[in-house]
Every structure is written in structure tokens, then in C-alpha cells.
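Just so it is clear, the structure is predicted and the values come from calculations on it, not from any experiment. Just so we're on the same page: letters track the sequence lines, and every chain starts at 1.
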Amino acid sequence: MAELILYNTLTRSKEIFEPLHPPRVGVYVCGPTVYGDPHLGHARPAITFDVLFRYLSYLGYQVRYVRNITDVGHLENDADEGHDKIATRARLEQIEPMEVVQRYSDHYHQSMDQLNVLKPSIEPRASGHIPEQIEMAEKILKAGYAYISNGSVYFDVEKYDAENHYGKLSGRILDDLLATTRDLDGQQEKRNPFDFALWKKALPEHIMRWNSPWSPGFPGWHLECSAMSTKYLGETFDIHGGGMDLMFPHHECEIAQSKIANGKDSVRYWMHNNMITINGQKMGKSLGNGILLDQLFSGDHPLLEKAYNPMTIRFFILQAHYRSTLDFSNEALQASEKGLARLMKSIVMLPGLPTGNNTTINIEEWKTNCFNALNDDLNTPILIAHLFDMVRMINLISDGKESITQMDRDALVLQFRQFVFDILGLLEDQSSAGDSEILPKVMEMILSLRQEAKKNKDFALSDRIRDELGKIGISVKDKKDGAEWEIG
RNA sequence: GGUCACAUAGCCAAGCGGUUAGGCACCGGUCUGCAAAACCGGCUACAGCGGUUCGAAUCCGCUUGUGACCUCCA
């Protein structure tokens with residue numbers, strides 16, 4: 001099998017993936033800040049890296065997948081009078097900050113379950129790793145790349161940039177950053193506006209606070225990921241993922257901190273998923289055009305024509321490459337919904353396919369095509385295109401226009417299911433799974449009555465049976481001999 | 001303003017120098033009492049202008065348009 005190739009943001013090129021310590025692979029992905037309900041944007045990285053996690057595991061790697069929960073309220077802006085999101089929300093709802101954290105973490109988990117996103121191996125919280133973060137800040141201070149100012153600790157970007165390239169991930173030059181930095185309000189504490197906090201002294205009204213050698217306060221914006229990835233994956237690890245919007249400054253800061261604290265580069269492959277857009281514009285909390293996952297699932301949103309099944313959302317996301325923007329629309333979602341239904345139907349049909357003495361379709365080539373797509377930087381849309389090629393073949397076999405041996409069919413069943421369920425992480429449509437044993441028998445009886453009516457040319461009756469069944473959600477499709485039915 | 005992306009048929013979306021991407025929609029046909037499903041066929045596009053090449057959606061340049069990042073964001 002061909003090797004797995006991943007696009008590394010750091011080198012801006014596709015590289016063959018080689019783990020540092022095979023068969024083990026370490027993956028760190030930036031998770032959500034839990035101060036609000038999960039929205040469509042959260043689904044993209046979760047699903048993208050879920051597929052990576054699944055595929056690496058499928059390939060036989062022992063993957064340790066770490067996805068954090070940010071539960072320390074980061075300030076809204078760089079100025080001292082910025083607002084802590086979690087504390088703000090807590091004040092609004094008149095509850096403890098940790099209640100906010102708990103509520104939205106639970107909600108996030110629930111939505112991820114619905115999308116069939118596997119749980120990460122470790123899901124560390126920033127608030128649970130304050131000592132590690134303090135320790136890391138101390139290391140950086142000791143190394144001389146940070147300074148204390150009014151109880152806060154800042155990273156000295158200028159000094160770092162003298163020997164390293166601050167901005168190498170996002171392709172930025174420090175001088176340019178200086179030129180484009182905006183208002184310097186409340187930044188008197190810093191030597192340079194682009195310096196970032198490792199530790200922030202808490203203002204009196206700031207509820208979330210911890211003791212530190214410098215002041216009662218809280219860790220800086222970016223430190224948690226460096227501290228937790230180092231703790232669980234080591235000083236150097238394989239893959240770090242996240243949304244493209246985190247590239248700068250978040251990941252840039254991580255690179256700098258880890259380099260100084262650990263004395264070496266921490267991440268080997270940086271992967272970034274692109275954004276979901278709505279009418280061509282980024283879907284973002286601050287833009288107020290976000291759609292919550294719950295709203296998608298219930299259809300309760302002015303922009304939604306109907307409710308969409310979580311698997312439709314998952315399939316929709318997988319039909320675009322993770323590095324491309326994906327434009328949301330009802331039309332696109334409904335196209336995915338129908339396509340997914342066709343794919344699922346064919347999976348149900350596959351095991352019962354009539355078999356013959358020879359196989360007239362090229363299964364090996366198909367399989368190779370599928371793996372090539374996955375190996376080419378997780379090109380799920382291409383994989384799905386190949387899956388649909390096989391759907392056509394399955395239908396042709398069903399129609400007797402192609403044939404397959406029993407051995408090939410049984411192998412195909414396994415392979416097809418692996419692609420769809422194990423790797424892409426789709427779930428069988430729950431609604432079509434019959435939960436009653438009586439229903440099929442009843443249906444058999446009704447349909448035989450209808451068959452009789454048809455035989456007697458009593459089409460008024462046969463149509464009435466079909467129409468009435470249709471009204472209660474059962475569709476009937478006539479075949480050459482008899483008829484089949486399905487719910488939905 | 002700086003940096004960087006992207007512009008593909010009605011819609012979504014692959015494509016990484018030379019063969020039909022794929023899904024949805026639409027239009028014919030087969031099948032059927034009718035329908036649905038399924039199958040076969042049709043629609044076959046690459047923002048514009050130049051350049052490189054035997055050959056470009058694919059490489060280079062310019063133009064136009066859109067977006068992202070430069071502040072928290074997935």
C-alpha cells in the first residue's frame with residue numbers, strides 16, 4: 001500500500017508521514033473554549049481529525065489523541081480591561097464559572113457523540129494543568145526569554161525572533177507585525193505590542209484565579225496547549241492540528257514557547273482545517289452568523305429549510321477536502337442527505353447480492369483507488385467519489401448486468417463497511433433500522449393483499465394501499481416479482 | 001494598509017501538465033397498469049488577458065473579483 005502523505009503547514013507541502021516512534025503516533029488538536037453552545041464550526045476540526053485518528057488507527061498505529069478543553073477564561077482582547085469569556089458568561093447566568101464550563105463541555109460532548117466523533121485518548125483541561133503551565137513559564141523566564149511586568153509574565157518575542165523565526169508557520173515577518181499592530185491601549189506592561197502573556201495578573205473582579213510565583217492570576221492565552229502537549233505527548237511529537245484561524249497567533253506562540261522551554265521544536269507535522277462559510281463568509285461567533293449544531297439537528301433556525309441528521313452533517317463535511325473552505329447552504333446539505341441515503345442503501349443491499357461464477361468488476365483496482373485517496377492527505381471527497389463508483393457496480397450486479405463471486409462479495413462487504421463505518425465514521429441510518437419484528441410481517445401481509453388487488457386489476461385499491469402507507473411514512477416500490485418497502 | 005489563499009458546469013465539490021472526477025438538480029430512454037427505485041444516455045465547466053509547452057483548469061505574469069489572517073474565534 002502507498003504511504004500516507006499529509007500536508008504540513010510548516011513546510012507548505014505534502015510530506016510522507018513518518019512517526020517519530022512507530023508504531024506510536026502522538027496527535028494534539030486544539031479543542032473548544034467552552035463558553036457557548038457548539039456550532040457548525042466546531043464540527044469541522046472534530047470530524048477532520050476524527051478521520052485522521054480513525055485512519056491512523058486503521059493503519060495499525062497506536063495513536064494517542066489529545067484534544068483539550070479550554071476552560072480558563074481567556075481575555076477578549078490584549079488590553080488589560082478585556083473580558084474573560086467564561087467569567088462573563090457566568091455573570092450573565094449568575095452561576096459559577098465552573099458551572100459554565102461543565103454545562104458547555106457536556107453539551108459539546110453530546111454533540112460530538114451525535115456526530116459519531118470518537119472520544120480522544122486524553123481530554124485535558126487547562127484549569128487542571130496550572131502547575132504545569134507555571135512550570136513552563138518559569139523555564140522560559142529562566143532561559144531569559146520572558147520578563148515580569150507588574151505581576152504578569154510576557155514572552156519576549158523580539159529576543160526569540162533574533163535566533164528563531166517568529167511567524168514561520170503563518171508566513172509572517174516580525175517587522176510587518178510591528179507595522180500593522182493596532183492601538184496600543186493598555187499595553188504599557190509589554191516591551192513590544194506583539195509580546196504575549198505567559199501569566200496574567202488577575203484584576204480584583206477576575207474570578208478565575210490561581211496563585212503563582214508572580215501574582216494571583218491565570219495562565220496566558222497560548223500556554224495551555226504547549227504545557228499539555230508536552231506533558232502527554234513529549235517534547236517532540238508527531239501531529240498538531242487545529243483550525244486555520246488558530247495558526248496566528250495561537251500556534252505561532254506555541255511554537256515559540258515550546259522551543260524555548262524544551263530547547264527544541266515540538267511539532268513535526270502541523271495540520272490545519274479550513275473554515276465553513278455561509279454565503280461565502282466565514283461562519284464565526286463574532287460575526288453572528290453561526291448555526292448551532294442543535295439547530296441543524298432540529299431545523300430551528302431562520303436559515304434552515306429543514307432539520308438535518310447528524311450523519312448528513314458529517315457526510316457533508318467529508319464531501320469537501322479539509323483544507324478547502326466549505327460553503328453551507330440548504331441545497332448542498334440536501335444533496336448530501338440524498339447522496340448519503342443512496343450510499344447507505346447500497347450497503348444494506350450488498351450482502352444479499354446475487355453471486356455468480358465469476359467477478360466482472362475490478363475490485364482490487366477500486367480498493368487501491370480508495371486507499372490512494374485517503375493516503376493523499378486524507379482526500380475524503382475522492383474516497384467518497386470512489387464509493388459511489390462502487391454503488392453503481394453494486395446496482396449493476398443487482399440488475400444482473402455485472403456479476404460477482406460469493407467470495408469476492410463477502411470480501412467486498414467487509415472492505416466497503418470499513419471505509420464507510422470504520423474510517424469515515426458514518427453510522428447506519430438509525431431510522432431505517434426496524435426495531436419491531438412484527439412490522440415486517442404486517443408489511444408482508446399488506447403487500448400480498450396489494451399484489452392480489454393488482455392481479456385483479458383493482459388499481460384503485462392497490463394505489464390506495466400505497467398512498468395510505470406513504471402517508472404514515474412507508475414507501476412502497478414495486479419490483480418485477482412483488483414489492484419492497486422502506487421507512488422514510 | 002500588510003501577509004496569504006481562492007475563483008471549476010444550475011448548486012456543492014475533486015483536480016497538482018495529456019484519460020468521464022463524484023454527489024444533488026435537470027432532460028431523454030429501459031422497466032412499470034401508473035408511480036417510485038434502479039439502470040443506460042444527455043447536459044461536459046474551469047474569472048479575463050498574455051506567456052511557457054507538442055499539449056494547461058493544472059506552471060509563470062498581469063488584471064478583475066471574493067475571502068482569510070493581522071484581536072477571541074474551529
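Note on ring orientation: taking the six-membered ring where Trp is involved, the planes of A:Tyr160 and A:Tyr166 are perpendicular (angle over 60°, cut-offs 30° and 60°). Under the 30°/60° scheme for interplanar angles, the aromatic rings of A:Trp270 and A:His251 are found to be tilted.
Pairing for B:U20 is absent, with no Watson-Crick or G-U wobble pair whose two atom distances lie under 3.5 Å. Nucleotide B:U66: paired with B:A5 (Watson-Crick or G-U wobble, both distances less than 3.5 Å). A 3.5 Å limit on both hydrogen-bonding distances identifies no Watson-Crick or G-U partner for B:U52. Remark: B:A74 base-pairs with no nucleotide; criterion is Watson-Crick or G-U wobble with both hydrogen-bond distances under 3.5 Å. Both distances falling under 3.5 Å, in either a Watson-Crick or a G-U wobble arrangement, place B:G28 opposite B:C40. With a cut-off of 3.5 Å on both pairing distances, B:A14 has no Watson-Crick or G-U wobble partner at all.
Nucleic acid contact for A:Thr325: sugar-phosphate only, since backbone atoms but no base atoms lie under 4.0 Å from a heavy atom of the residue. Residue A:Leu246 is classed as a sugar-phosphate contact, given heavy-atom separations below 4.0 Å to backbone atoms only. Among the protein residues, A:Asp463 comes within range of the nucleic acid bases, having at least one heavy atom under 4.0 Å from a base atom. Using a 4.0 Å heavy-atom cutoff across all strands shown, A:Arg342 reaches sugar-phosphate atoms only and no base atom. Counting any heavy atom pair closer than 4.0 Å across all strands shown, A:Gly41 reaches a base atom. Note on A:Phe388: only backbone sugar-phosphate atoms sit closer than 4.0 angstrom, heavy atoms only; bases stay farther off. Residue-level contact check: A:Lys14 touches the bases, meaning some heavy atom is under 4.0 Å from a base atom. Among the heavy atoms of the strands, none lies under 4.0 Å from A:Thr277. Among the heavy atoms of the strands lying under 4.0 Å from A:Lys338 are primed sugar atoms or P, OP1, OP2 only; no base atom is included. Across all strands, A:Asp478 comes closer than 4.0 Å to base atoms (heavy-atom distances). At the heavy-atom level, A:Ala385 lies under 4.0 Å from base atoms of the strands shown. Residue contacts for A:Met275: at a heavy-atom cut-off of 4.0 Å it reaches a base atom on one of the strands shown.
Of the candidates B:A37, B:A74, B:C4, B:A37 carries the atom nearest the A:Lys345 side chain, counting heavy atoms from C-beta on. Picking from B:A36, B:C40, B:C24 the nucleotide with the shortest atom distance to the side chain of A:Lys477 gives B:A36. Closest contact between the side chain of A:Ser462 and the listed nucleotides B:A36, B:C39, B:G33 involves B:G33. Checking B:C39, B:C70, B:A14 against every side-chain atom of A:Asn379, the shortest atom distance belongs to B:A14. Here the side chain of A:Lys282 is nearest to one of B:C69, B:C70, B:A21, namely B:C69. With B:G33, B:C39, B:A74 as the choices, the nucleotide that has an atom nearest any side-chain atom of A:Leu396 turns out to be B:C39. For A:Leu326, taking side-chain heavy atoms from C-beta onward, the closest of the listed nucleotides B:G33, B:A13, B:A37 is B:A13.
What separates CZ of A:Phe328 from P of B:A13 is a distance of 12 Å, to the nearest Å. At whole-Å resolution of the value, CG in A:Asp176 and P in B:C70 are 15 Å apart. Summarising the geometry, the separation between CG on A:Leu387 and P on B:C24 is reported as 13 Å, rounded to the nearest angstrom. Rounded to whole Å, atom P of B:U19 lies 17 Å from atom CD of A:Glu365. In this structure, NE2 of A:His251 is placed 14 Å from C1' of B:C69, rounded to the nearest angstrom. Look at CG on A:Asn274: it is 11 Å from P on B:A13, rounded to the nearest Å. The separation between A:Asn372 atom CG and B:G15 atom P is 14 Å, rounded to whole Å.
A distance of about 11 Å separates the C1' atoms of B:G28 and B:C43, rounded to the whole Å. Nucleotides B:C59 and B:U8 place their P atoms 15 Å apart, quoted to the nearest Å. Rounded to whole Å, the separation between the C1' atoms of B:C70 and B:A14 comes to 31 Å.
Contact of A:Arg466 with B:A36 (side chain to base): no donor-acceptor pair of N or O atoms is detected under 3.5 Å.
Sequence order on RNA chain B of the closest nucleotides to A:Asn395 and A:Ile276 puts A:Asn395 first from the 5' end. When each of A:Ala460 and A:Gln334 is assigned the nucleotide of RNA chain B with its nearest heavy atom, A:Gln334 is the one assigned upstream, toward the 5' end.
With sequence neighbours left out, A:Asn369 forms a side-chain hydrogen bond (donor to acceptor under 3.5 Å, both in side chains) with no residue at all. In this structure, the ring pair (Phe, Tyr, Trp, His ring centres under 6.0 Å) partners of A:Phe53, at least two apart in sequence or on a different chain, are A:Tyr65.
Checked against the 6.0 Å centroid criterion, the rings of A:Phe155 and A:Phe194 do not qualify as a close aromatic pair.
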N/O-N/O pairs, protein side and nucleotides 42-44 of chain B side, under 3.5 Å:
none

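Looking at residues 312-323 of chain A, you'll see A:Gln319, A:Ala320, A:His321 sit with a heavy atom under 4.0 Å from some atom of RNA chain B.
Evaluated for a side chain to side chain contact (heavy atoms under 4.5 Å, CB included) with A:Trp485, the options A:Lys477, A:Met443, A:Glu444 yield exactly one hit, A:Met443. With A:Asp71 as reference, A:Arg125 is the one residue of A:Arg103, A:Arg89, A:Arg125 to meet the salt bridge (charged side-chain N to carboxylate O under 4.0 Å, His left out) rule.
There is a side-chain donor-acceptor pair under 3.5 Å between A:Asn68 and A:Thr70. For the residue pair A:Asn192 and A:Tyr154, no side-chain donor N or O sits within less than 3.5 Å of a side-chain acceptor on the partner.
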Extract all donor-acceptor atom pairs below 3.5 Å that involve side chains of residues 379-401 of chain A and protein atoms in other chains or at least two apart in sequence.
residue, atom, partner, partner atom, Å
A:Asn379, OD1, A:Ile382, N, 3.3
A:Thr380, OG1, A:Leu318, O, 2.7
A:Asn395, ND2, A:Val391, O, 3.2

Scan the side chains in residues 452-463 of chain A for donor-acceptor partners under 3.5 Å anywhere in the protein, sequence neighbours excluded, and list what turns up.
residue, atom, partner, partner atom, Å
A:Lys454, NZ, A:Asp478, OD2, 2.8
A:Asn456, ND2, A:Glu452, O, 3.3
A:Asp458, OD1, A:Leu461, N, 3.3
A:Ser462, OG, A:Phe459, O, 3.1
A:Asp463, OD1, A:Arg466, NH2, 3.4

Before you tell me yes or no, could you show the steps for A:Met244 and A:Met275 under side chain to side chain contact (heavy atoms under 4.5 Å, CB included), namely the whole-Å CA-CA distance, both residues' side-chain angles and the distance that decides it to 0.1 Å? CA-CA 7 Å; A:Met244 266 185 188; A:Met275 303 290 104; 4.1 Å; yes

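Using a 4.0 Å cut-off, no side-chain N or O of A:Arg172 falls inside it from OP1 or OP2 of B:C69. Note on A:Lys454: every side-chain N or O is 4.0 Å or more away from OP1 and OP2 of B:G33. Taking only side-chain nitrogens and oxygens, A:Ser324 never comes nearer than 4.0 Å to OP1 or OP2 of B:A13.
With a 6.0 Å cutoff to the six-membered ring centre and a 45° limit on the axis angle, A:Lys367 does not count as a cation-pi contact of A:Phe371.
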